[in-house]
Amino acid sequence: MKKLTILTTLLALAGAPAGAQSPAVIKLLAGYQPGGGGDVVARALADALQAKLGATVIVENRPGAGGVIAAQALKNAPADGSTFLVTSDQLLIAPMTMKSANYDPLHDFVPVAGLNTFDICFVVNSAAVSAATLTDYLAQARKDPKIATYGIPALGSLPQFYGYVMGKTAGVALNAVPYRGAAPMVTDLVAGHLPAAMGPCREMMEQRKSGKLRFLATVQRLSWAPEVALFADSGVKLGPPSWVAVYAHAKVPADKLLAMQNAIRDVMQVPAFTDRMAAAGFVPRYVPGKELAVQAQEAATYWGAQIRESGFRPE
């Protein structure tokens, strides 16, 4: 059977029957540690889909390598509509930053539906950095290399390249320090071992409330902190917010993809599901697969150019 491309699969969706039967057991692969933000989304989705489809829906955590282990598990899974992946847009750039990724996100997988957006924030230690705005920080960092260092959750993660674009735009040499996850990064930031960090806003909500951290910029307006400025306010254009979505193997039959897309669309109307995502710091936003495929292609092209320009070497 000739391998289906994503475009072929998505075009087939338009004419696929909506009554496809769901498997008795559906597996959601999640490249996150239990209890993390992405895991919260995956488990909320599993509960909502189980109620909607009348099938057993389980979450299988495959943490590690920035989501690559979970993506590889999807690539090797049967293409029968029984296994899906809950992932962030890190899926798109991992093959550009890791030699071991061994997948092509635009051809091996197909987007089923977007679930939400979330923000990356640039944050400083309130005691270590006096700047009240991103413009002030960049001006200070230009003169004081000690504060021109920022933590990132992982080497080759999107926050690293957010920082690269920010520094390039402002003409400031910024140094990224990689951590093994957001939790240890935030710990060092709060302790004053780091002057600044770039990472998911939701991971630092509580420390902001305590006054230990100051949020200088975010991509989109935060509902829980609307006073935080946007990167664009300082002339830094970082593209659209990051997202969490459901993906499938590219060879899954079109009728099964459509059935899952429609089920996700329906559960996105259920407050019990969207409220759980919002409480974890995400902004619920349903995006159909065809639209998400276009967004993914544009994001991969944009970030691919930034990664190459930065001189980053895959490891």
Side-chain angles (χ1 to χ4, degrees), residues 32-41 63-64 66 88 90 118-167 170 172-231 233-234 236 238 241-242 244 277-283:
Y32 312 98
Q33 293 286 354
D39 177 67
V40 170
V41 172
S88 74
Q90 183 71 26
F118 66 93
D119 272 298
I120 302 296
C121 282
F122 188 70
V123 180
V124 296
N125 178 290
S126 298
V129 178
S130 62
T133 67
L134 181 60
T135 300
D136 290 343
Y137 167 81
L138 292 170
Q140 291 178 14
R142 190 176 290 110
K143 299 176 181 178
D144 184 2
K146 293 195 298 295
I147 67 168
T149 295
Y150 66 101
I152 54 173
L155 182 68
S157 61
L158 272 172
Q160 177 170 352
F161 303 109
Y162 273 62
Y164 166 72
V165 173
M166 183 175 76
V172 180
L174 300 176
N175 178 44
V177 178
Y179 281 78
R180 298 178 68 86
M185 177 190 76
V186 175
T187 297
D188 270 8
L189 180 62
V190 171
H193 303 312
L194 269 178
M198 185 81 78
C201 309
R202 65 185 186 281
E203 301 286 356
M204 299 176 277
M205 286 191 294
E206 295 305 316
Q207 292 79 7
R208 177 184 179 275
K209 293 177 183 177
S210 70
K212 295 177 181 178
L213 302 182
R214 186 182 308 118
F215 281 37
L216 298 188
T218 183
V219 176
Q220 66 180 346
R221 196 69 63 188
L222 301 174
S223 61
W224 45 271
E227 70 279 9
V228 176
L230 304 180
F231 282 102
D233 295 337
S234 295
V236 179
L238 290 175
S242 287
V244 173
M277 286 198 293
F282 297 91
V283 179

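These values consider heavy atoms only, across backbone and side chains, with no hydrogens, waters or symmetry-generated copies.
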Checklist entry - For the atom pair OG1 (Thr218) and CD (Gln220), what is the distance rounded to the nearest 0.5 Å? => result 6.5 Å
Checklist entry - Which value, rounded to the nearest 0.5 Å, describes the distance between Thr149 atom OG1 and Leu174 atom CG? => result 8.5 Å
Item to check | Rounded distance [0.5 Å steps], SG in Cys201 versus CH2 in Trp224 | outcome: 5.5 Å
Item to check | Sub-4.5 Å side-chain heavy-atom contact between Leu134 and Met166 | outcome: yes
Item to check | Check: Ala225 main-chain N/O paired with Arg208 side-chain donor or acceptor under 3.5 Å | outcome: no
Next on the checklist: To check you understand the geometry: which heavy-atom pair defines the closest contact between Ala217 and Leu230, and what is its length?
Outcome noted: CB-C, 4.3 Å
Checklist entry - Just how far is it from atom CG of Asp233 to atom CG of Leu216, taken to the nearest 0.5 Å? => result 12.0 Å
Checklist entry - Any side-chain heavy atom of Asn125 sitting closer than 4.5 Å to one from Pro195? => result no
Checklist entry - At their closest point, which heavy atom of Gln140 faces which heavy atom of Val129, and how far apart are they? => result OE1-CG1, 4.2 Å
Item to check | Derivation of the side-chain contact (heavy atoms from CB on, under 4.5 Å) call for Ser130 and Tyr137 | outcome: CA-CA 8 Å; Ser130 62; Tyr137 167 81; over 6 Å; no
Checklist entry - Taking atom types as modelled and ignoring hydrogens, do the side chains of Thr135 and Ser234 form a donor-acceptor contact shorter than 3.5 angstrom? => result yes
Item to check | From CZ (Phe231) to CG (Asp119), nearest 0.5 Å | outcome: 8.5 Å
Checklist entry - How close do Gly151 and Tyr179 get, heavy atom to heavy atom, and via which atoms? => result CA-CE1, 4.3 Å
Checklist entry - Step by step, would you call Tyr150 with Asn175 a side-chain contact (heavy atoms from CB on, under 4.5 Å)? => result CA-CA 6 Å; Tyr150 66 101; Asn175 178 44; 5.9 Å; no
Item to check | From CD (Gln207) to OG (Ser126), nearest 0.5 Å | outcome: 11.0 Å
Checklist outcome for this item: Note: Gly199 and Pro153 closest approach over all heavy atoms is CA-CG, 4.4 Å
Item to check | Note, Val283 side chain near Phe118 side chain (heavy atom, < 4.5 Å) | outcome: no
Checklist entry - Given Val123, which of Leu194, Leu189, Val228, Val186 fulfils the side-chain contact (heavy atoms from CB on, under 4.5 Å) condition? => result Leu189
Next on the checklist: I want to check something: taking the side chain as every heavy atom from C-beta on, are Met198 and Ile120 in contact at a cut-off of under 4.5 Å?
Outcome noted: yes
Checklist entry - Any side-chain donor-acceptor pair under 3.5 Å between Ser157 and Gln90? => result no
Next on the checklist: Working note: Phe122 + Tyr162, criterion ring pair (Phe, Tyr, Trp, His ring centres under 6.0 Å); need CA distance, chi angles, decisive distance, verdict.
Outcome noted: CA-CA 9 Å; Phe122 188 70; Tyr162 273 62; over 10 Å; no
Checklist entry - With a 4.5 Å heavy-atom cut-off, do Tyr164 and Pro159 have their side chains touching? => result no
Next on the checklist: Looking at every heavy atom in both Cys121 and Leu222, which two are closest together, and how far apart are they?
Outcome noted: SG-CD1, 4.1 Å
Checklist entry - Would you call Asp39 and Gln33 a side-chain contact if the rule is heavy atoms closer than 4.5 Å? => result no
Next on the checklist: When you compare the side chain of Phe215 with that of Val124, does any pair of heavy atoms fall below 4.5 Å?
Outcome noted: no
